[in-house]
Engineer: 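One structure is given below, represented as structure tokens, and several questions about it will come after.
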Amino acid sequence: MPERGDGSGSGLGLRGITASLTSFVRGDPDRRDPRLAAVLDGALAFALPLSRRFRGTTLREGMLLRGPSGWGEFAPFPDYDDASAARWLAAGIEAAWGDWPVPVRSTVPVNAIIPAVGPEDAAALTTSAVRDAGCSTVKVKVAEPGQSLGADDDRVGAVRAVLDDLLGPGQGLIRVDANGAWSVAEAVQALRELSRHDLEYAEQPCRTAEELREVRLQVSVPIAADELVRLAADPGSVRLAEIADVAVLKVPPLGGVWQALAVARTVGVPVVVSSALDSAVGLSAGIALAAALPELPYACGLGTGALLAADVVTTPLVPRAGVLPAGRVDPDTDAALAGRSRLSDSRARWWRHRLAAAWRAGAAEHVGHLVRP
């Protein structure tokens with residue numbers, strides 16, 4: 001599969017641009033470590049607007065990392081501490097300086113995603129997902145702060161109506177994601193009501209393992225664990241067979257494709273590979289994991305490129321015929337620099353210091369050997 005983008009193309013290119021943009025921090029003490037300096041020299045901060053508010057934000061920020069293997073991404077959400085952000089940096093360095101497992105498939109099936117919007121918007125987004133992107137599985141956000149169960153029911157019902165109309169009764173799949181927002185009682189009530197729309201599974205209805213276990217005993221809807229895995233102190237020690245039916249794995253917070261693949265082997269249940277609202281460069285790491293899994297029984301949550309109003313590539317990395325191609329992604333120079341222009345110099349500097357903090361908090365220990373100044 002050929003690489004996308006022109007990150008290593010003619011002229012100055014992004015390789016030279018990332019280096020030129022580091023000149024204003026040459027005297028920074030973070031550069032005393034030559035390996036960290038090498039990572040910083042290949043780093044470019046960016047901000048990407050979302051097409052609509054998602055998880056409380058309208059702008060996705062992060063950094064592109066350039067290394068000898070290609071491009072990676074470092075984009076931990078603001079609520080991640082330095083130790084957690086170190087895993088995100090490890091994933092980005094693995095992509096830019098290391099390698100990925102050999103794929104066993106050239107494309108991966110993906111689901112569409114519906115934010116916590118009204119039923120009319122949900123119906124329109126679902127129609128586009130089916131007709132334009134070829135998706136037959138849809139993940140619907142529920143339990144949004146300030147919204148009622150009735151609003152969730154209306155949204156999921158609108159999605160079901162469109163899927164039944166376009167694909168035939170019962171042919172489309174719906175999964176819901178509560179991001180751990182419900183109590184046990186709220187989850188049981190909600191899933192019993194929403195189950196009439198024929199749910200494939202419910203993702204992280206509650207926060208803790210014990211709560212998931214209780215909900216699973218009281219509802220017929222299969223349960224998927226997301227935050228329970230990626231926020232664990234040691235994701236590799238998580239065992240879900242008695243807690244959930246599915247594990248949702250995201251490459252950045254697990255520390256890279258290889259680490260996520262190891263978790264997939266030990267977690268004890270089938271896995272779904274999902275994204276962390278990544279740019280196209282970040283998405284390619286999730287696709288690499290999905291492409292390398294021996295079995296892939298579920299559509300992957302990697303269709304989030306459709307939520308971005310602009311990306312670091314000119315041609316968005318969105319599903320066609322319900323799938324995404326495996327392969328590394330290079331940013332396009334103009335698109336990546338447009339992403340950089342949305343940040344002030346002070347904010348870009350903040351991202352560089354955050355990267356340095358994540359390096360010291362654990363990334364250097366785990367993947368520092370990959371970086372050769």
Engineer: Got a sec, which pairs hit ring-ring contact (aromatic ring centres under 6.0 Å, His included) with one end in residues 85-106, sequence neighbours left out?
Structural biologist: F77-W88, Y80-W88

Engineer: Suppose we screen for salt bridge (Lys or Arg N to Asp or Glu O under 4.0 Å). Which residues come up paired with D153, at least two apart in sequence or across chains?
Structural biologist: R196

Engineer: Using modelled atom types only, decide if a donor and an acceptor are shared between the side chain of D234 and the backbone of G236 within a distance under 3.5 Å.
Structural biologist: yes

Engineer: Test your reading of the model: is there a side-chain donor-acceptor pair from R60 to the backbone of F46, 3.5 Å cut-off?
Structural biologist: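 Side chain of R60 to backbone of F46: no pair is present.
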
Engineer: Main chain of G98, side chain of S69: is a donor-acceptor contact present, judged purely on distance under 3.5 Å?
Structural biologist: yes

Engineer: Applying ring-ring contact (aromatic ring centres under 6.0 Å, His included) as the test, list every pair that has at least one member in residues 250-269; sequence neighbours left out.
Structural biologist: none

Engineer: List in chain and number order the residues that pass salt bridge (Lys or Arg N to Asp or Glu O under 4.0 Å) with R239, two or more places apart in sequence or in another chain; answer none if no residue qualifies.
Structural biologist: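 Partners of R239 by the salt bridge (Lys or Arg N to Asp or Glu O under 4.0 Å) criterion come out as none, since no residue qualifies.
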
Engineer: Once side-chain hydrogen bond (donor to acceptor under 3.5 Å, both in side chains) is applied, do any residues pair with E203, and if so which ones, sequence neighbours excluded?
Structural biologist: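 By the side-chain hydrogen bond (donor to acceptor under 3.5 Å, both in side chains) rule, E203 matches K139.
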
Engineer: Can you confirm whether more than 12 heavy atoms, excluding those of E242, are under 6.0 Å from its CD atom?
Structural biologist: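 Counting other residues, nucleotides and ligands, CD of E242 stays at 12 neighbours or fewer.
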
Engineer: Please name the pair of heavy atoms, one in L194 and one in L199, separated by the smallest distance, quoted to 0.1 Å.
Structural biologist: O-CG, 3.7 Å

Engineer: What is the minimum heavy-atom distance between T127 and L166, and which atoms define it?
Structural biologist: CA-CD1, 4.1 Å

Engineer: Quick one: closest heavy-atom pair of A178 and P205, and the distance?
Structural biologist: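 Looks like CB-CA, 3.9 Å.
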
Engineer: Which distance, rounded to the nearest 0.5 Å, do you find between the CD1 of I243 and the CD of E211?
Structural biologist: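 So the gap between those two atoms works out to 12.0 Å.
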
Engineer: Looking at side-chain heavy atoms only, is the closest gap between D226 and S274 below 4.5 Å?
Structural biologist: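 No, their side chains stay 4.5 Å or more apart.
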
Engineer: My understanding is that only residues two or more places apart in sequence, or in another chain, count here; which of them pass side-chain contact (heavy atoms from CB on, under 4.5 Å) with R347?
Structural biologist: E61, L343, S344, W350, W351

Engineer: The criterion is side-chain contact (heavy atoms from CB on, under 4.5 Å); which residues satisfy it with V117, sequence neighbours excluded?
Structural biologist: R52, I114, P115, D121, A122, L125

Engineer: Would you say that V248 contacts V271 through its side chain, given a criterion of any heavy-atom pair below 4.5 Å between the two side chains?
Structural biologist: no

Engineer: Closer than 4.0 angstrom, basic N to acidic O: yes or no for R349 and D345?
Structural biologist: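 No, R349 and D345 are not salt-bridged.
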
Engineer: Is there a donor-acceptor pair closer than 3.5 Å between any side-chain N or O of R160 and the backbone N or O of G172?
Structural biologist: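 Checked: pair present.
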
Engineer: Without swapping roles, check the side chain of R352 against the backbone of L40 for a donor-acceptor pair under 3.5 Å.
Structural biologist: yes

Engineer: Inspect the contact between E144 and K141 and indicate whether a charged nitrogen and a carboxylate oxygen are less than 4.0 angstrom apart.
Structural biologist: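 No salt bridge links K141 with E144.
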
Engineer: Salt-bridged, R354 to D82, with N to O below 4.0 Å?
Structural biologist: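 Answer for the salt bridge query: no.
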
Engineer: Please check if the number of heavy atoms outside R35 that lie under 6.0 Å from its CZ is greater than 12.
Structural biologist: yes

Engineer: Hey, does the side chain of Q204 reach the backbone of G180 with a donor-acceptor pair shorter than 3.5 angstrom?
Structural biologist: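 Flag not set: sc Q204 to bb G180 has no pair under 3.5 Å.
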
Engineer: Grab the two heavy atoms, one from V104 and one from L293, that are nearest each other, plus how far apart they are.
Structural biologist: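 Minimum heavy-atom separation between V104 and L293: CG2-O, 3.4 Å.
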
Engineer: Check T126 against L163 and note the closest heavy-atom contact, atom names and distance.
Structural biologist: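 Closest approach of T126 to L163, heavy atoms only: CG2-CD2, 3.9 Å.
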
Engineer: Please check this pair: side chain of D245 against backbone of P222, looking for a donor-acceptor N/O pair closer than 3.5 Å.
Structural biologist: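 Looks like no, no N/O pair under 3.5 Å.
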
Engineer: Compare all side-chain heavy atoms of V246 with those of L240 and state whether any distance is below 4.5 angstrom.
Structural biologist: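 The answer is no; the side chains never approach within 4.5 Å.
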
Engineer: Under the 3.5 angstrom rule, does the side chain of D164 hit a backbone N or O of Q171 as a donor-acceptor pair?
Structural biologist: no

Engineer: Report yes if the side chains of I93 and W359 come closer than 4.5 Å at any heavy-atom pair, otherwise no.
Structural biologist: yes

Engineer: For a quick test of reading the model, state the closest non-hydrogen atom pair linking A86 to A358 and the distance between them.
Structural biologist: CB-O, 3.3 Å

Engineer: Mind checking whether R342 and P49 have side chains closer than 4.5 Å, heavy atoms only?
Structural biologist: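 Of all side-chain heavy-atom pairs linking P49 with R342, at least one is under 4.5 Å.
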
Engineer: Side chain of D332, backbone of A335: donor and acceptor closer than 3.5 Å?
Structural biologist: no

Engineer: Determine which pairs satisfy ring-ring contact (aromatic ring centres under 6.0 Å, His included) with at least one residue from residues 288-312, sequence neighbours left out, and list them in order.
Structural biologist: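 ring-ring contact (aromatic ring centres under 6.0 Å, His included) check on residues 288-312 returns Y201-Y298.
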
Engineer: Listed by chain and number, what are the side-chain contact (heavy atoms from CB on, under 4.5 Å) partners of A112, not counting sequence neighbours?
Structural biologist: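 A129, C135, V138.
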
Engineer: Can you pull out every side chain to side chain donor-acceptor pair (under 3.5 Å) where at least one residue sits in residues 276-292? Sequence neighbours excluded, please.
Structural biologist: E73-S279

Engineer: Of all residues at least two apart in sequence or in a different chain, which pass the side-chain hydrogen bond (donor to acceptor under 3.5 Å, both in side chains) check with W182?
Structural biologist: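 None.
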
Engineer: Side-chain contact, heavy-atom cut-off 4.5 Å: V176 with V156?
Structural biologist: yes

Engineer: Is there a side-chain contact between L317 and I287 (heavy atoms, below 4.5 Å)?
Structural biologist: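 Answer yes - side chains close enough.
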
Engineer: Using the test side-chain hydrogen bond (donor to acceptor under 3.5 Å, both in side chains), find all partners of D132 that sit at least two apart in sequence or belong to another chain.
Structural biologist: S128

Engineer: Kindly determine whether R87 and Q259 satisfy side chain to side chain donor-acceptor pair (under 3.5 Å), including the steps that lead there.
Structural biologist: CA-CA 10 Å; R87 296 180 186 171; Q259 289 293 329; over 6 Å; no

Engineer: According to a hydrophobic-cluster definition based on side-chain heavy atoms being under 4.5 Å apart (Ile, Leu, Val, Met, Phe, Trp, Tyr only), do V281 and L59 belong together?
Structural biologist: no

Engineer: Could you check if a side-chain atom of R175 sits within less than 4.5 angstrom of a side-chain atom of T137, using non-hydrogen atoms only?
Structural biologist: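 The answer is yes; the side chains approach within 4.5 Å.
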
